[in-house]
Amino acid sequence: MVRFIEENITKMLETKIISKSEVLYAGGDDGDTSPATKVFQDFQINEENVGGGGGGIIRSWVDSMRACSPTHLKPFNNQSSWIKEHPSALNMFEEILHISEGKQIVMFLDYDGTLSPIVDDPDRAFMSNKMRNTVRKLAMCFPTVIVSGRSREKVYNFVKLTELYYAGSHGMDIKGPEQNSKYKKKTQSLLCQPATEFLPVISEVYMKLVEKTKSIQGAKVENNKFCASVHFRCVDENKWSDLAHLVRSVLKNYPKLMLTQGRKVLEIRPIIKWDKGKALEFLLESLGYENCTDVFPIYIGDDRTDEDAFKILRDKRQGLGILVSKYAKETNASYSLQEPDEVMDFLERLVEWKKLTSGQ
């Protein structure tokens, strides 16, 4: 990762793709700073792929919306072949401990659908006090990161734990622990914001989407600072095409933004190649674990956006991904858990194991 940064940062500064202030370690006592990087992603919404009336792209969007947000799925406990390939992390707990033996575990946790249940109103996706206490104990045992599509401030207000790393806006806004973490670097305060230049346009698009989607009952637009989300969980499926048309009518005028999709949500993001997988790599580097063989990242998430992180771990054959889902779906994760309650059970077992092995 460091080599990748060194090779690309000069070119990006010269072409003004990135500024020196966008991604950095805020200088500590020694005044040291170290810039990170970002690159353009291939897919973007422009006149070429949304032009010509947009009929084809709208059909494609709606088909993708249905694929990412199916409404009639069978529970995966009836699909034995899928479970065989992605066994329960609880049932395979001893195996996970065995393959992580002698390595530093680093925990990465999605928020919605992982630490909190999926709810109709995204502003009410509260985690339980029991889950919060579990995550607090987890952070005392391992470096722990919350990685979310939400804005960093919003997910922090849900979690309210100062000893964690937070990566909001799909990893485009990363900040290290404020206090109480033995894994925090003493002389540096970690800050990574690779999409700062897009803040004005995201704010502008957010306001336009709010106005445009007023006619779609149940649609909710969320400003996640470095990205915007259009939730359609409460929208009648027959209206999804209308919603897609309205979103396209806004985005066609913003060629530097791209569209991705999650569970009943459309995500509008800057055209930079920065996602939850890149955030995972950046954080491992920041913790001093780049190119280390004695680190074992565990990433737990439930959404399509978490697949970027799962894929990084699978491709590197390092650590493991755990998909939270009651349904069989294509995934790069190695194991599965069905719901947040099972996530909590898994985390509690990790904490107890750590206490037993460290004599705490």
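None of these values were measured; they are calculated from a predicted model.
Put simply, the side chain of Lys326 reaches to within 4.5 Å of the side chain of Glu339, judged on heavy atoms. Put simply, the side chain of Lys354 does not reach to within 4.5 Å of the side chain of Met140, judged on heavy atoms. Contact annotation: the side chain of Asp308 never approaches that of Leu280 to less than 4.5 Å [non-hydrogen atoms, C-beta and beyond]. With a 4.5 Å cut-off on side-chain heavy atoms, Pro297 and Leu284 count as touching. Proximity of Leu115 to Asp110: side-chain heavy atoms (C-beta onward) are nowhere separated by under 4.5 Å. For the pair Glu85 and Ser334, the minimum side-chain heavy-atom distance is 4.5 Å or more. At a threshold of 4.5 Å between non-hydrogen side-chain atoms, the residues Asp294 and Gln104 do not count as touching. For the pair Leu109 and Ile300, the minimum side-chain heavy-atom distance is below 4.5 Å.
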Test side-chain contact (heavy atoms from CB on, under 4.5 Å) applied to Val221 and His231, step by step: CA-CA 6 Å; Val221 186; His231 299 272; over 6 Å; no

side-chain contact (heavy atoms from CB on, under 4.5 Å) between Ser325 and Asp302, worked out: CA-CA 6 Å; Ser325 178; Asp302 75 310; over 6 Å; no

Check against side-chain contact (heavy atoms from CB on, under 4.5 Å), Lys160 and Met127: CA-CA 10 Å; Lys160 297 178 181 177; Met127 68 190 303; over 6 Å; no

Verdict with reasoning, Thr260 to Arg269, per side chain to side chain donor-acceptor pair (under 3.5 Å): CA-CA 8 Å; Thr260 60; Arg269 303 198 226 171; 3.2 Å; yes

Residues Tyr335, Glu95; criterion side chain to side chain donor-acceptor pair (under 3.5 Å); working and verdict: CA-CA 11 Å; Tyr335 298 89; Glu95 177 182 280; 2.4 Å; yes

Check against side-chain contact (heavy atoms from CB on, under 4.5 Å), Arg248 and Leu259: CA-CA 9 Å; Arg248 175 196 173 266; Leu259 179 81; over 6 Å; no

Chi angles and distances behind the side chain to side chain donor-acceptor pair (under 3.5 Å) call for Ser229, Glu267: CA-CA 5 Å; Ser229 303; Glu267 303 277 7; 2.7 Å; yes

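Of the N and O atoms on the side chains of Lys276 and Thr305, at least one donor lies less than 3.5 Å from an acceptor on the other residue. Side-chain contact check for Thr331 and Glu307: at least one donor-acceptor pair (N or O, by modelled atom type) lies under 3.5 Å. Side-chain N/O atoms of Tyr254 and Lys208 include a donor and acceptor closer than 3.5 Å.
The nearest pair of heavy atoms linking Leu257 to Phe198 is CD2-CD2, 4.4 Å. Counting all heavy atoms, side chain and backbone alike, Leu246 lies closest to Lys212 at CD1-O, 3.3 Å. Looking at every heavy atom in both residues, Pro270 comes nearest to Ala195 through CG-CB, 4.0 Å. In plain terms, the two heavy atoms of Trp82 and Leu323 that are nearest each other are CZ2-CD2, 3.9 Å. In plain terms, the two heavy atoms of Gly321 and Ala333 that are nearest each other are O-CB, 3.4 Å. The shortest heavy-atom contact between Leu337 and Ala89 is CD2-CB, 3.9 Å.
Under the 4.5 Å side-chain heavy-atom criterion for Ile, Leu, Val, Met, Phe, Trp and Tyr, Ile118 and Tyr327 are members of distinct hydrophobic clusters. Grouping the Ile, Leu, Val, Met, Phe, Trp and Tyr side chains by contacts below 4.5 angstrom, directly or via other members, places Val201 with Val230. In the hydrophobic cluster analysis, where Ile, Leu, Val, Met, Phe, Trp and Tyr join through side-chain heavy atoms closer than 4.5 angstrom, Val119 is grouped apart from Phe126. Linking Ile, Leu, Val, Met, Phe, Trp and Tyr residues whenever their side-chain heavy atoms come within less than 4.5 Å places Leu190 and Leu287 in a single cluster.
In this structure, Glu211 contributes its side chain and Tyr206 its backbone to no donor-acceptor pair below 3.5 Å. Judged by distance alone, with hydrogens and angles left aside, the side-chain atoms of Arg314 form no donor-acceptor pair with the main-chain N or O of Leu320 at under 3.5 Å. Listed for the Ser203 side chain is no donor-acceptor partner under 3.5 Å among the backbone atoms of Leu199. For Asp173 (side chain) and Ser169 (main-chain N/O), no donor-acceptor pair under 3.5 Å exists by modelled atom type. With hydrogens and angles disregarded, a donor-acceptor distance shorter than 3.5 Å links the side chain of Thr144 to the backbone of Phe142. Counting only distance, with no hydrogens or angles, the side chain of Trp274 and the backbone of Pro194 share no donor-acceptor pair below 3.5 Å. Remark: the backbone N or O of Met131 is paired with a side-chain donor or acceptor of Ser128 at under 3.5 angstrom. Side-chain atoms of Asn157 do not come within 3.5 Å of backbone N or O of Lys154 as any donor-acceptor pair. The backbone N or O of Val235 lies less than 3.5 Å from a partner atom in the side chain of Trp240, making a donor-acceptor pair. Using a distance-only test at 3.5 Å, with no hydrogens or angles considered, a donor-acceptor pair links the side chain of Asp275 to the main chain of Lys278.
Under the ring-ring contact (aromatic ring centres under 6.0 Å, His included) criterion, the residue pairs touching residues 97-121 are Tyr111-Phe158, with sequence neighbours excluded. Residue pairs meeting the side-chain hydrogen bond (donor to acceptor under 3.5 Å, both in side chains) criterion with at least one member in residues 133-142, sequence neighbours excluded, are Asn133-Arg136, Thr134-Glu348.
Distance check, rounded to the nearest 0.5 Å: CD of Glu290 to OG of Ser286 gives 8.5 Å. Remark: Glu342 CD to Thr114 OG1 distance equals 12.5 Å, nearest 0.5 Å. Summarising the geometry, atom CG belonging to Asn223 is positioned 10.0 Å from atom NZ belonging to Lys225; distances are rounded to the nearest 0.5 Å. Between atom OG1 of residue Thr213 and atom CD1 of residue Ile216 there is a gap of 8.0 Å, rounded to the nearest 0.5 Å. Annotation: the span from Ser336 atom OG to Ile322 atom CD1 amounts to 8.5 Å, rounded to 0.5 Å.
Using a cut-off of 4.0 Å between Lys/Arg side-chain N and Asp/Glu carboxylate O, Glu281 and Lys316 are scored as salt-bridged. Contact check on Asp112 versus Arg263 returns no salt bridge, with no Lys/Arg side-chain nitrogen under 4.0 Å from an Asp/Glu carboxylate oxygen.
A centroid separation of less than 6.0 Å is found between the aromatic rings of Phe346 and Phe93.
Taking Tyr156 as the reference, Tyr166 meet the ring pair (Phe, Tyr, Trp, His ring centres under 6.0 Å) condition, with sequence neighbours excluded.
Aromatic ring orientation, Tyr299 versus Phe310: perpendicular (interplanar angle above 60°, classes split at 30° and 60°).
The residue from Leu138, Val145, Ile146 that alone fulfils the side chain to side chain contact (heavy atoms under 4.5 Å, CB included) condition with Met107 is Leu138.
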